[in-house]
Amino acid sequence: MAKIAFILLTHKEPERLIAQVRRLTATGDFVSIHFDGRARPEDYAQIRAELDGHPGVAFAKRRLKCGWGEWSLVEGSLEALRAAAEAFPTATHFYMLSGDCMQIKTAEYARAFLEREDVDYIESFDFFASDWIKTGIKEERLIYRHWFNERKHKTLFYKSMEWQRRLGLARKVPEDIQMMIGSQWWCLRRETIEKVLAFCDTRPDVMRFFRTTWIPDETFFQTVVRHVVPDKEIRTRTLTFLMFTDYGMPVTFYNDHYDLLLAQDYLFVRKISPEAKDLQNRLGTLWGETGIDFPISNEGRRLFGFLTGRGRVGHRFAPRFWEAETRLDSDKTLLVILCKKWHVAKRLVGQLRGRVDLTALEYLFNEEGGLPDLGGIDRTVEKRNRHRKALLRMLYDYYGTDRLAICIDPSDFELMRDLAADRADVRFLDVECSFSDAYLIGHARRVGLAGERTPPEVLDRVLPTIRYDFQYENDRIRNASFPFLARLSETAGLAANASALAGFFDIGIDTAREIAATDYLFVD
């Protein structure tokens with residue numbers, strides 16, 4: 001009888017993880033956990049306290065600090081695989097999961113499915129001949145060495161690639177390896193896992209090659225499995241149901257998708273919203289049930305494509321089902337910096353970088369540039385504002401974070417109100433600046449209220465109006481009764497500003513004091 005060892009890579013939500021592990025192991029299956037080394041130590045301590053000693057649970061011997069697109073994700077998977085292979089000698093199949101995955105069938109159904117054919121399930125398409133990669137770089141993922149993370153060090157990432165191109169440092173794929181690509185969510189037989197691990201031990205040249213490729217979790221297992229297993233024993237598909245939006249981001253499922261998910265020809269689904277508690281509970285109970293028949297309609301992808309197409313031609317007659325939730329999840333924190341002097345806010349963001357573990361973006365709704373490639377939604381200010389919540393959700397996913405800081409011009413009060421009404425933890429920091437006449441004249445010229453030859457007497461009449469307009473924006477923010485409004489002021493003392501920064505960003509008072517003490521922060 002098939003017995004499954006789940007390889008679980010995750011970094012958050014310890015209570016949800018513990019509940020999922022208990023459900024999966026209650027039916028006699030196994031779980032091997034790699035919990036990201038970057039995650040909160042108290043979360044990992046909680047997981048170990050709850051699950052240590054459980055006969056169906058193993059932990060990776062090493063915890064890697066994982067980064068999206070980096071080799072560390074593959075290395076973490078291998079650590080969990082080795083632990084599972086050693087701890088669970090009766091496991092017949094090894095199934096890769098993330099913390100956002102949940103079962104959409106029973107354990108009884110899953111075992112019968114896996115016993116039906118003696119094969120591996122892994123997407124494995126020819127890297128160069130297929131069109132699996134829709135956007136971004138392709139062969140550059142392989143032929144250049146990648147030491148920098150594109151999400152964290154975008155400039156260095158592309159500069160490094162450009163210099164390698166200029167210096168002729170492109171490399172070749174190992175000669176006896178056919179490079180493949182596909183989804184990282186696979187299910188492999190024990191004998192395949194043993195061959196993969198043996199390959200890792202005997203082919204240091206291939207391991208060195210993959211260590212500096214970009215997004216190797218979409219190529220490493222897909223390539224090695226095809227190298228060690230005959231084609232006839234591979235089903236080029238995943239058993240985890242996942243879809244992507246128009247902009248290349250994973251579709252998130254919610255409470256009203258239960259029946260849709262059960263009807264798909266898959267065993268698990270990715271990804272379930274943290275807000276979808278009812279869906280989580282129903283799917284959690286499902287795994288241990290028996291005697292359930294699952295009529296397969298498998299319409300999910302076709303329905304997705306149909307509704308996407310209708311939207312493109314302007315005939316969308318109802319909300320698309322993957323956009324049922326247009327708000328941010330409640331586990332997200334959005335830190336909104338409000339500042340009329342954009343250069344001051346940008347200096348503040350610059351001081352945060354390197355001191356605080358926080359992704360901070362500048363005036364993304366006011367000026368173009370500054371964002372990663374998100375499939376088109378990022379390209380114009382108009383499109384960003386039209387899909388503001390979708391954009392923010394994608395940025396949380398792209399940077400793999402639950403905390404995001406952004407800058408907004410105080411004139412955009414409707415945007416502030418929209419964000420403040422969200423269920424996420426939304427905080428505002430009002431950065432109060434002093435405005436000299438010289439600054440106001442410069443502002444008038446930048447926005448077209450004055451030119452280089454505007455007479456002084458005209459400027460004398462315009463400046464009080466602009467000053468009043470700035471004050472009106474400030475008063476409107478003060479009177480809005482936002483749930484969390486902190487204030488950083490050019491005229492306040494160091495202690496008051498440090499206290500405001502510490503509370504707003506949840507950082508230590510010493511770090512906050514260093515930032516507040518920046519002598520050029522408010523300089524025009």
Side-chain angles (χ1 to χ4, degrees), residues 5-11 31-39 58-86 94-101 120-125 127 132-133 136-138 140-152 157 171 173-174 177-189 192-229 234 238 240 242 250 270 400:
F6 293 100
I7 309 303
L8 186 54
L9 268 60
T10 188
H11 65 282
V31 178
S32 181
I33 301 170
H34 179 274
F35 199 72
D36 196 333
R38 297 183 189 276
F59 288 89
K61 292 182 180 179
R62 291 193 306 145
R63 290 176 60 207
L64 286 302
K65 293 182 178 180
C66 296
W68 188 91
E70 297 178 5
W71 169 255
S72 52
L73 284 174
V74 176
E75 196 169 10
S77 304
L78 291 171
E79 287 292 322
L81 265 178
R82 292 185 188 278
E86 179 180 338
F94 295 75
Y95 196 124
M96 175 67 74
L97 290 177
S98 77
D100 293 324
C101 295
D120 297 305
Y121 294 91
I122 181 169
E123 281 192 353
S124 183
F125 302 99
F127 184 95
W132 198 87
I133 298 175
I137 61 174
K138 187 173 181 178
E140 292 88 351
R141 291 190 186 190
L142 307 178
I143 64 174
Y144 298 124
R145 297 164 181 83
H146 298 280
W147 299 285
F148 304 101
N149 190 299
E150 193 263 353
R151 292 187 173 183
K152 298 177 182 176
F157 179 89
R171 59 181 176 174
V173 174
I177 296 294
Q178 180 184 5
M179 191 60 58
M180 310 298 286
I181 192 168
S183 166
Q184 61 268 55
W185 312 113
W186 40 254
C187 179
L188 305 175
R189 298 165 295 170
T192 300
I193 290 300
E194 291 172 350
K195 291 176 182 177
V196 169
L197 294 177
F199 181 94
C200 295
D201 294 335
T202 58
R203 291 297 302 268
D205 58 323
V206 177
M207 301 298 282
R208 282 194 300 272
F209 175 82
F210 275 105
R211 284 180 186 277
T212 51
T213 59
W214 182 235
I215 321 182
D217 55 325
E218 293 179 352
T219 54
F220 177 78
F221 288 101
Q222 297 76 2
T223 299
V224 175
V225 169
R226 186 69 70 170
H227 186 75
V228 301
V229 175
I234 297 174
T238 176
T240 298
L242 69 161
R270 186 179 188 273

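All values reported here derive from a predicted model rather than from experimental measurement.
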Heavy-atom pair of closest approach, residues I7 and A80: CG2-CB, 3.6 Å

With H11 via ring pair (Phe, Tyr, Trp, His ring centres under 6.0 Å) - residues at least two apart: none

Verdict with reasoning, T223 to F210, per side-chain contact (heavy atoms from CB on, under 4.5 Å): CA-CA 10 Å; T223 299; F210 275 105; 4.1 Å; yes

Contacts of R63 that satisfy salt bridge (Lys or Arg N to Asp or Glu O under 4.0 Å) - sequence neighbours left out: none

For the student: nearest non-hydrogen atoms of H34 and A60, plus distance: CD2-CB, 3.9 Å

Between OH on residue Y95 and CG on residue L188, distance to nearest 0.5 Å: 11.0 Å

Test log, rule side-chain contact (heavy atoms from CB on, under 4.5 Å), inputs S77 and L9: CA-CA 7 Å; S77 304; L9 268 60; 3.3 Å; yes

Donor-acceptor contact present, side-chain Q222 to main-chain G182, <3.5 Å: yes

E70 versus W214, side-chain donor and acceptor atoms under 3.5 Å: no

Lys NZ or Arg CZ of R171 over F209 ring: under 6.0 Å, within 45°: yes

Considering all heavy atoms, the nearest G67-S72 contact: N-OG, 3.1 Å

Verdict with reasoning, F157 to I137, per side-chain contact (heavy atoms from CB on, under 4.5 Å): CA-CA 12 Å; F157 179 89; I137 61 174; 4.1 Å; yes

Donor on one side chain, acceptor on other, T219 and R141, under 3.5 Å: no

Check: S183 main-chain N/O paired with E123 side-chain donor or acceptor under 3.5 Å: yes

Atom pair CD1/CZ of I177 and R203 - distance to nearest 0.5 Å: 5.0 Å

Spacing of CD1 belonging to I181 relative to CZ belonging to F125, to within rounding of 0.5 Å: 10.0 Å

Identified side-chain contact (heavy atoms from CB on, under 4.5 Å) counterpart of F94 within the set D120, I193, T192: I193

Derivation and outcome, side-chain contact (heavy atoms from CB on, under 4.5 Å), residues D36 and T10: CA-CA 6 Å; D36 196 333; T10 188; over 6 Å; no

Closest non-hydrogen atom pair, L8 against G99: CD1-N, 4.0 Å

Ring center gap for F220 and W71 short of 6.0 angstrom: yes

Partners meeting side-chain contact (heavy atoms from CB on, under 4.5 Å) with Q178 (sequence neighbours left out): D126, M180

Any donor-acceptor N/O pair, T240 side chain to W185 backbone, under 3.5 Å: no

R211 side chain reached by E75 side chain, heavy atoms, under 4.5 Å: yes

Side-chain touch I122/T238, heavy atoms, less than 4.5 angstrom: no

Ring geometry between F221 and W186 (parallel below 30°, tilted from 30 to 60°, perpendicular above 60°): tilted

Working for salt bridge (charged side-chain N to carboxylate O under 4.0 Å, His left out), residues R189 and E194: CA-CA 9 Å; R189 298 165 295 170; E194 291 172 350; over 6 Å; no

C200 versus M207, closest heavy-atom pair with distance: O-CG, 3.6 Å

Distance-only polar pair, side chains of R226 and S124, donor-acceptor under 3.5 Å: yes

Whether R62 side chain and E79 backbone form a donor-acceptor pair below 3.5 Å: no

Any donor-acceptor pair under 3.5 Å from T212 side chain to H146 backbone: no

Donor-acceptor contact present, side-chain D217 to main-chain V74, <3.5 Å: no

Distance-only side-chain donor-acceptor flag, Y144 / T213, under 3.5 Å: no

Residue pair A5 / A84: nearest heavy atoms and the distance that separates them: CB-CB, 4.4 Å

